Amino acid sequence: MEREVQRVRQAFLSGRSRPLRFRLQQLEALRRMVQEREKDILAAIAADLCKSELNAYSQEVITVLGEIDFMLENLPEWVTAKPVKKNLLTMMDEAYIQPQPLGVVLIIGAWNYPFVLIIQPLIGAIAAGNAVIIKPSELSENTAKIVAKLLPQYLDQDLYVVINGGVEETTELLKQRFDHIFYTGNTAVGKIVMEAAAKHLTPVTLELGGKSPCYIDKDCDLDIVCRRITWGKYMNCGQTCIAPDYILCEASLQSQIVWKIKETVKEFYGENIKESPDYERIINLRHFKRILSLLEGQKIAFGGETDEATRYIAPTVLTDVDPKTKVMQEEIFGPVLPIVPVKNVDEAIDFINEREKPLALYVFSHNHKLIKRMIDETSSGGVTGNDVIMHFTLNSFPFGGVGSSGMGAYHGKHSFDTFSHQRPCLLKSLKREGANKLRYPPNSQSKVDWGKFFLLKRFNKEKLGLLVLTFLGIVAAVLVKAGYY
Amino acid sequence: MEREVQRVRQAFLSGRSRPLRFRLQQLEALRRMVQEREKDILAAIAADLCKSELNAYSQEVITVLGEIDFMLENLPEWVTAKPVKKNLLTMMDEAYIQPQPLGVVLIIGAWNYPFVLIIQPLIGAIAAGNAVIIKPSELSENTAKIVAKLLPQYLDQDLYVVINGGVEETTELLKQRFDHIFYTGNTAVGKIVMEAAAKHLTPVTLELGGKSPCYIDKDCDLDIVCRRITWGKYMNCGQTCIAPDYILCEASLQSQIVWKIKETVKEFYGENIKESPDYERIINLRHFKRILSLLEGQKIAFGGETDEATRYIAPTVLTDVDPKTKVMQEEIFGPVLPIVPVKNVDEAIDFINEREKPLALYVFSHNHKVPVGWELITENIVSILFLISVPVY
């Protein structure tokens, strides 16, 4: 393990991954890989999640292609130094922020969207000029294998290395030193990753989870609301980090909501859900049993059918759920949707705030003010109002959690920023030394007063102001040089 | 400890710290505190670092005031939601990023610039709408005491709380849960802070240190270079996180550099450095002894005089320093400046890259891109003005 990481580090130190042209070439190669080997990739994802290849495309491959295209288009601009606003003291200097690669990045993937959750961060890491060690989730075996097979056929084999394995291998990997660790997964392992990173002072991005609440207001179009929630909840059999975990609503709405979700399920998956190519399965037996145990003692409004042999759990809705029961104590990550009745929006806000900050918050209402209020008075990684999931799809948003739902963010330029060191550079000349006398010992009250003039005034940075600034600065410099302080 | 943190959390949950108006009021109150109690603050800093009050003002208070003014001016704009670029799917939707407070922030200060290093982060935390627990460094006792005394007289007493104490208290504090921990200090403790933070998945900002290299090229004005380095190195008696830690240069430059730094030291601090109000002292005996041990076996070009009773170490320069010796193994954080000779800039770059990434990098050279346009014009304007001004003055 140590030797693998060393090899990748040597590759990074060669400087090969840094030129813009190289990064663009690698991203183009990645794009070719996804397009040429689409069938293999889709087959792997489909096998892991019992998903149709069409859905594997819509849910994973399309995002990857979009992200690569976005990088290819924008990277040439992002890698350039960005000039910053200057003050009186630095007016004559060059002041800019230069993005630079961090070095060797470790990306640990998750099993629920096994391809995109390892490739999308990889795209950012490559774009930022790093070398990368990729550790796909072992639970999504087929995708782990195909990624290990395909990446070295298209990308630089020493800079981007796939290491597969389970808990033991990952623990060994985490003992090594990286320049950034990007982890997608659950809170418990997130803590382990951060603790391991702390030993090397390695910065981390943790994309975790939580129970994403979904508040349904009285004042809304329940048909549309329930359709959208049904889509986001049962997609990938509920195994989505930003799936609406549970519903909060006034008790009087429950039966309508149940009815409409049930109707929508029929519309989406047909009468025989098991036969629908669009309905996935639980990833493994452990999670299957875990989700099953959440149903104990619950009022099942519809659903609840299971088949252990195929790890099938039917789309399920629970009503009048007691917040103290097991289903409300952990992230469900399955096709079980509890409805917790609350008196009003105030109670909903308190309910949400008493709990860990979730990865996503969903509010459904025609009342714009209510939505704003809910956003204002709660905290979550992100928000989608009057829909679910969708804030994930806009890459001008930094996607990430807060509190126990995670730290850091990515997507689009945010990926580039995450995997870069933004380095401030101030280039002065060896001239105009006279002005520096102000700061040299021996200090004096008049020097302090001049310092206040230079540092405690804020000027508008328009052209005219700049010329005035220049003049003032020069006058001051001249006076100082001539011993006028 | 747990109860203190709980109290602050309750205060945050009341929502009081969130409205823009409140944050501006608190920042204005902080400004008043710094202005009205300037004397007390300067006296505390001066006592901790054996620093003149003038220097305490220039090095710490001025930055604090500038930062508060900057916040007051810009915060109203920063707190607003920022619309983002939309795509086809979201074209008809409202899409924006809303900044929100994290909650309860822990700020752990350092002792070398004890006031600004605790107050500047505090300014940011208040501006962002958080509640804050402030833990000043216990090594800078007087500043720790004055901060604990003054803050509650000006700021909300439940939202912004000062907790003083040593390693034991800090360890207890780090067991509590925060929404962000801001730490300024050394690498070793930085790891401890991050490990503690990991248990609660608390994001951290770690302002640490390292050995900031200073490369001096053959092609430069050595007078000016040495003056600037002297200023930055011996300021606060070398106890600055971004002080130039050591010099890399071609061997042929060493003696000139030594000479010019020596002359500049005389110019800055006078013949009797001990008597200069502008020369500070080492914070405590432990660091005094630590820095002293770095001198063992070194070629002292000038300086090296010490006085344990006052924790005085003279501005010192070492030449022909062997990279394997102790002085090159840890951040010096004192008035000792090693010169490590290298063959050329390639060797300097390799030298730097073989080591841990430093907090700052310094390069001195005329070899820069040819100034064009604006720079050229301003150069000429300045020259002309000086030309004109010389006979007048």
Side-chain angles (χ1 to χ4, degrees), chain A residues 13 92 94 187 190-201 206 208 353 375-377 379 383 385 390-391 393-398 402-404 406-408 427 429-434 436 439-445 447-448 451-452 455-456 458 470 474-475 477-478 481-484, chain B residues 13 15 52 54-55 57-58 62-63 65-66 69-70 73 84-87 89-90 94-95 97-98 100 102-103 179 187 190-191 194-195 197-201 203 206 208 220-221 224-225 227-228 231 267-270 276-279 353 364 366 368 371 375 378-379 381-382 385-386 389 393:
Chain A
L13 292 172
M92 312 289 272
E94 240 186 287
T187 302
K191 291 182 182 176
I192 295 172
V193 171
M194 189 171 171
E195 254 174 277
K199 300 212 164 19
H200 295 290
L201 283 173
L206 304 174
L208 308 177
N353 286 338
I375 295 174
D376 194 57
E377 295 183 22
S379 179
V383 178
M390 294 308 289
H391 64 282
T393 65
L394 185 58
N395 73 2
S396 29
F397 280 147
V402 66
S404 62
M407 57 182 78
L427 302 188
S429 84
L430 289 170
K431 298 183 165 55
R432 294 180 292 276
E433 180 66 357
N436 282 344
R439 68 188 203 210
Y440 295 150
N443 204 350
S444 67
Q445 188 57 55
K447 276 192 183 180
V448 168
K452 281 159 116 168
L455 291 170
L456 295 185
R458 296 279 316 155
T470 312
I474 291 165
V475 167
V478 166
K481 187 179 174 77
Y484 216 67
Chain B
L13 291 172
S52 78
L54 280 175
N55 283 326
Y57 191 91
S58 319
I62 216 173
T63 305
L65 290 174
D69 287 342
F70 188 77
E73 191 181 316
V84 298
K85 205 168 184 176
K86 295 189 281 198
N87 57 17
L89 269 183
T90 48
E94 236 186 295
I97 297 176
Q98 176 65 59
Q100 290 187 310
L102 292 168
D179 299 291
T187 303
K191 293 182 183 176
M194 189 171 170
E195 254 174 276
K199 301 219 167 5
H200 295 292
L201 282 174
L206 305 173
L208 308 177
C220 74
D221 184 331
I224 296 183
V225 167
R227 165 167 285 124
R228 294 181 182 184
W231 166 73
E267 191 191 317
F268 285 179
Y269 305 111
S276 167
D278 296 299
Y279 195 70
N353 285 338
F364 286 90
H366 276 140
H368 186 48
E375 270 200 343
T378 55
E379 291 271 8
I381 292 177
V382 172
L385 257 164
F386 277 139
S389 67
Y393 292 104

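Keep in mind that what you see is a predicted model, and the values were worked out from it rather than measured.
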Requested in this report: Work out which heavy atom in Lys191(B) is nearest to a heavy atom in Leu201(A); give both atom names and the distance.
Outcome: CG-CG, 3.6 Å
**Report entry** Selection from Pro441(A), Gly190(A), Ser396(A) maximising heavy-atom pairs under 4.5 Å formed with chain B
**Finding:** Pro441(A)
Requested in this report: Find out whether Leu394(A) and Leu89(B) are in side-chain contact, i.e. whether some heavy atom of one side chain is under 4.5 Å from a heavy atom of the other.
Outcome: no
Report summary line: Interatomic distance, NE2@His200(B) vs OG@Ser404(A), rounded to 0.5 Å, equals 12.0 Å
Query - Heavy-atom pair with the smallest gap, counting every atom of Pro442(A) and Asp278(B) - result: CA-OD2, 3.0 Å
Report task. Using non-hydrogen atoms and a 4.5 Å limit, figure out which bit of Ile62(B) sits close to chain A: side chain, backbone, both or neither. Result -> both
Query raised in the report: Looking at OG of Ser52(B) and CG of Asn443(A), how far apart are the two atoms once the value is rounded to the nearest 0.5 Å?
Result: 6.0 Å
Report summary line: Looking only at Arg228(B), Glu94(B), Glu267(B), Lys85(B), most heavy-atom pairs under 4.5 Å shared with chain A are made by Arg228(B)
Report summary line: Rounding to 0.5 Å, atoms CG (Leu54(B)) and NZ (Lys447(A)) come to a distance of 10.5 Å
Query raised in the report: chain B heavy atoms under 4.5 Å from Leu206(A): which part of the residue, side chain, backbone, both or neither?
Result: side chain
Requested in this report: Kindly compute the distance separating NZ (Lys199(A)) from CE (Met194(B)), expressed to the nearest 0.5 Å.
Outcome: 10.5 Å
Query - Contact leader toward chain B among Gln445(A), Met390(A), Glu433(A), where contacts are heavy-atom pairs under 4.5 Å - result: Glu433(A)
Requested in this report: Enter the distance from Asn55(B):CG to Arg439(A):CZ here, rounded to the nearest 0.5 Å.
Outcome: 13.5 Å
Query - Proximal component of Ala196(A), with respect to chain B [non-hydrogen, under 4.5 Å] - result: neither
Query raised in the report: Got a second to check how far Ile97(B)'s CD1 is from His391(A)'s NE2, nearest 0.5 Å?
Result: 11.5 Å
Query raised in the report: For Tyr279(B), is it the side chain, the backbone, both or neither that has a heavy atom under 4.5 Å from a heavy atom of chain A?
Result: neither
**Report entry** Asp179(B), part contacting chain A, at a heavy-atom distance under 4.5 Å
**Finding:** side chain
Query - Short side-chain to backbone donor-acceptor contact, Gln100(B) and Ile375(A), under 3.5 Å - result: yes
Requested in this report: Mind ranking Val84(B), Leu208(B), Thr187(B) by heavy-atom pairs under 4.5 Å with chain A and telling me who comes out on top?
Outcome: Val84(B)
